[in-house]
Amino acid sequence: MTPLSQLLPGQYGKLTSLNPERSVDQRLMALGLLPGMVLKLVRKAPLGDPLAIEFAGQVVSLRLTEAQTIIIDVAADCPIQRPRPQA
Amino acid sequence: MSAAEPGLTVALVGNPNTGKSTLFNALTGLRQRVGNYPGVTVARKSGQCDCGDGTKVELIDLPGLYSLSAASPDEQVVIDALSGHLADDRRPDAVVVVIDATNLLRNLFLASQLSELNLPVVLVLNQADVAAEQGLKINTELLSRRLGGIPVVLTSAWKGEGISAVRRAIGEALRARVRMPAVEWPPLVEEALADVAAGVAADIGRAPGRADVERLLFDSTTSVGQRLGWAAPRRDVVIRAARDKVRRAGYNPLAAEPLIHYERLRKLLEGVVQGGGNRTGGSAAVDQVLLHRVLGPVVFAGIMLGMFAAVFWLAKFPMQWISGGVDALKLGVAPLLDGMPMLQSLVTDGMIGGVGAFLAFLPQILILFLFVSILEDSGYMARAAFIMDRLFSWCGLNGKSFVPLLSGFACAIPGILSTRTIEDPKARLATAFAVPFMSCSARFPVYALMCAAFIGPLYGPGWESVVMVGMHCVGLLFAVPTAFVLTRFVLKVKPQPFVLELPRYQMPKPRDVLWRMWQNAAEFVSRAGTVIFAITIIVWALSYFPRDPAVEQRIRATAVGVAPAVVDAQVQSAYVEQSWMGRFGKSVQPIFDPCGFDWKITVGVLASFPAREVIVSTLGVTYSVGEGAEADSKHLQQVMRDAKWTEGPRVGTPIFSLAAILALMVFFALCSQCGPTVATLAQETGGWKWAAISFVYMTALAWLMAVAVYQGVSRLA
Ligand SMILES: Nc1nc2c(ncn2[C@@H]2O[C@H](COP(=O)(O)OP(=O)(O)OP(=O)(O)O)[C@@H](O)[C@H]2O)c(=O)[nH]1
Ligand SMILES: [Mg+2]
């Protein structure tokens with residue numbers, strides 16, 4: 001269980017939970033980001049924020065702070081398995 | 001429904017960037033702007049469409065949206081159009097849902113929500129060419145059957161493929177009125193919806209539409225309650241109880257809608273799509289470079305630099321041709337009007353000179369829009385917003401502010417309109433407020449004239465370009481702190497989410513790019529022919545009249561033994577000085593005296609409030625009125641260089657000193673001198689308040705900065 005904000009570029013996993021009270025998450029749900037969906041952190045913007053995430057065949061941007069409460073079950077076969085330790 | 005029987009209307013709806021406007025253009029023969037960025041269309045546009053059998057319907061192109069729970073003003077436009085609750089609107093008779101064939105699942109979510117509107121639906125699967133390229137095979141018959149028999153058409157709107165099938169399908173939908181079956185809610189959710197509907201009906205006395213009920217139950221922030229006049233305490237009680245019911249069904253009430261719709265769609269799409277592998281592969285490889293940590297910003301800076309370099313330097317040559325043509329035209333026309341000095345002056349100085357000076361900037365507009373449309377149509381614009389978001393977030397805005405601000409370098413009006421894609425009204429306002437600071441193409445003539453007349457000749461072409469680039473940054477320099485203060489302390493904007501789809505890259509389509517350039521050029525030229533032309537003539541008349549022959553006689557009587565050319569010049573300046581414009585300028589000049597402006601510049605500044613580019617032609621008129629054919633642009637520069645103060649403490653020194661030139665340019669960089677921009681701001685911010693604040697703030701800032709620059713530089717120099 002890792003917050004999306006701590007994934008490394010290239011890592012992916014299944015979405016376990018997000019926060020439906022928040023309008024950002026409501027947007028993402030409308031785009032099809034629902035629990036169980038595989039989600040990949042494609043990259044971070046050059047300045048470290050925002051993130052580009054890929055799910056259901058589309059790439060969408062998202063800010064780091066918004067990604068903190070989006071929880072991912074990182075797949076075991078990810079290219080880099082160990083999430084960055086919390087700063 | 002209105003009394004007079006109106007024709008049938010059909011609305012185009014769908015996710016952003018699916019090709020609605022492209023399809024609209026193909027169906028109506030019109031030319032709406034298209035582009036590879038989510039949020040190109042921000043208002044409703046309508047046109048006539050033939051259904052293939054001679055029946056005509058009114059087709060409406062709408063902004064794109066992902067879901068019916070509207071967040072931004074452009075999305076609200078769609079909701080309003082579909083529910084027909086705006087005073088001048090009817091509900092459409094049918095909707096065409098345009099879907100990106102490469103991503104059926106996500107696109108169908110909106111269609112599934114729309115089924116609650118109970119309108120006949122045509123489903124258009126667009127971008128079939130891309131789907132085929134990706135190896136996707138779509139069974140449209142099966143899809144149609146599963147959707148209750150609504151027409152499903154596969155198209156490539158851009159190539160014009162499948163358009164006549166869409167026409168026939170629209171005709172069929174209007175005749176057969178087949179609806180898409182609505183989603184089946186779990187029993188408890190259905191009950192909750194019925195409770196809300198009953199609650200509304202009990203309180204306001206009429207049954208609400210099904211779609212409205214769903215918004216009330218599923219959205220945490222919806223304006224439907226206000227619209228229906230369903231008031232707070234009762235409403236909240238009913239909705240809380242209904243949401244508890246949804247919870248008992250095992251759903252978070254705020255997540256229930258997408259969960260249930262997507263579940264339905266996943267089943268519905270089983271076996272409909274075959275094949276297709278890596279859908280984002282090609283673009284990911286390009287992003288590897290363009291969004292790279294180091295290369296990304298380098299490429300971005302390179303593109304921006306290249307763009308402005310092209311606008312400044314490439315445009316120089318065609319600009320010279322235009323100015324040359326204008327001068328030649330003056331020389332050619334002047335002799336025809338010899339003997340009619342007033343008409344000669346009107347035609348050569350007023351009409352040809354004024355409008356010609358303005359038209360010389362057409363090449364720059366064309367080049368700027370060439371770049372903007374290529375960036376947009378290729379898909380890079382969304383990446384630029386992605387790269388810039390961090391910097392914008394610092395002043396409370398987000399990456400979506402990038403497109404409005406960049407457009408602002410061409411013209412503030414499209415820039416302000418494109419802020420509609422920003423969800424938060426305060427962030428939107430702050431962006432719209434910052435847009436007029438961007439150095440729009442109308443400021444260019446002012447900088448160009450000052451640089452060509454003074455900076456270049458006095459300090460060399462190197463400094464000329466430095467000043468040119470510098471002036472383009474002045475606005476930005478003030479826009480950033482302005483936005484910062486506005487978002488942090490005045491509006492108190494909450495941190496903005498930034499959810500933007502990064503579309504796939506594509507080759508820019510020459511047809512669309514050229515069309516965009518043409519449209520903007522046509523608008524610019526028509527402005528030259530109308531607003532600018534009218535102001536030029538008014539300014540000319542105000543500085544030509546009254547023309548009392550006694551003025552001339554007095555000068556000629558006293559000037560004995562003076563060269564005739566000098567006498568002529570004295571006569572001309574005496575006439576201008578006692579003209580209406582001269583008198584007015586002189587009475588207002590004290591306000592601008594601390595900026596180093598004489599009364600002639602003051603006249604130019606005042607005349608430029610409706611449209612700033614007028615200053616060039618006004619200076620042309622006030623400094624060379626009555627000189628007929630000789631008054632070409634080189635001549636104007638010479639006259640301006642020779643102009644000296646004739647009274648006051650600065651008598652004998654040049655009017656256009658370095659300090660005054662810089663002050664004048666800074667004034668124009670910051671001042672709110674554009675009637676249409678102020679009007680657009682009022683329209684987009686819902687009232688004159690912010691437009692008035694913007695006008696006063698920018699104008700006061702411009703005056704202050706001009707005074708600071710003039711006083712500072714003249715002390716130093
Ligand atoms: N390959 C391909 N591209 C298409 C097709 N139709 C549209 N496009 C491109 O898709 C992009 C978006 O088209 P628009 O017509 O602006 O889309 P829209 O749905 O009106 O977008 P918004 O107004 O932003 O909601 C443009 O770059 C079009 O050239 C198609 O059939 N095939
Ligand atoms: Mg459009």
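A, B, ... follow the sequence lines: proteins, then strands. Residue 1 opens every chain. Both backbone and side-chain heavy atoms feed into the values below; hydrogens, waters and symmetry mates do not.
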_Heavy-atom cut-off 4.5 Å, strictly under: side chain, backbone, both or neither for A:Leu18 against chain B?_
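Answer is neither: A:Leu18 stays 4.5 Å or more from chain B.
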*Check each atom of A:Leu31 against the heavy atoms of chain B and say whether the ones under 4.5 Å are side chain, backbone, both or neither.*
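For A:Leu31, the contact with chain B is made by backbone and side chain together.
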Can you name the closest pair of heavy atoms from [X] and [Y] and give their distance?
X	Y	result
A:Pro35	B:Leu259	CD-CD2, 4.4 Å
A:Gly57	B:Asn103	O-ND2, 4.2 Å
A:Ala30	B:Arg106	O-CG, 4.4 Å

*Does A:Glu54 pair with B:Arg504 as a salt bridge, N-O distance under 4.0 Å?*
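No.
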*Pairing of A:Arg63 and B:Asp389 as salt bridge, 4.0 angstrom limit*: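 Salt bridge between A:Arg63 and B:Asp389, a charged N being under 4.0 Å from a carboxylate O: yes.
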*Among B:Leu391, B:Ile387, B:Asp287, B:Val294, which has the most heavy-atom pairs under 4.5 Å with chain A?*
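The option with the most such pairs is B:Asp287.
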*Please test B:Glu501 against A:Val59 for side chain to side chain contact (heavy atoms under 4.5 Å, CB included), starting from the C-alpha separation and ending with a verdict.*
CA-CA 6 Å; B:Glu501 194 185 347; A:Val59 181; over 6 Å; no
_As an exercise, state the distance from OH of B:Tyr262 to CG of A:Leu33, rounded to the nearest 0.5 Å._
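CG of A:Leu33 is found 9.5 Å from OH of B:Tyr262.
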*What part of B:His261 is in contact with chain A, defined as an atom under 4.5 angstrom from a non-hydrogen atom: side chain, backbone, both or neither?*
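Answer is neither: B:His261 stays 4.5 Å or more from chain A.
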*Is the backbone of B:Leu500 close enough, under 3.5 Å, to the side chain of A:Ser61 for a donor and an acceptor to pair up by distance?*
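Yes: the side chain of A:Ser61 pairs with the backbone of B:Leu500.
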*Would you indicate whether B:Arg293, at its atom CZ, is surrounded by more than 12 heavy atoms from other residues, nucleotides or ligands within a distance under 6.0 Å?*
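Counting neighbours around CZ of B:Arg293, 12 or fewer heavy atoms of other residues, nucleotides or ligands fall under 6.0 Å, so no.
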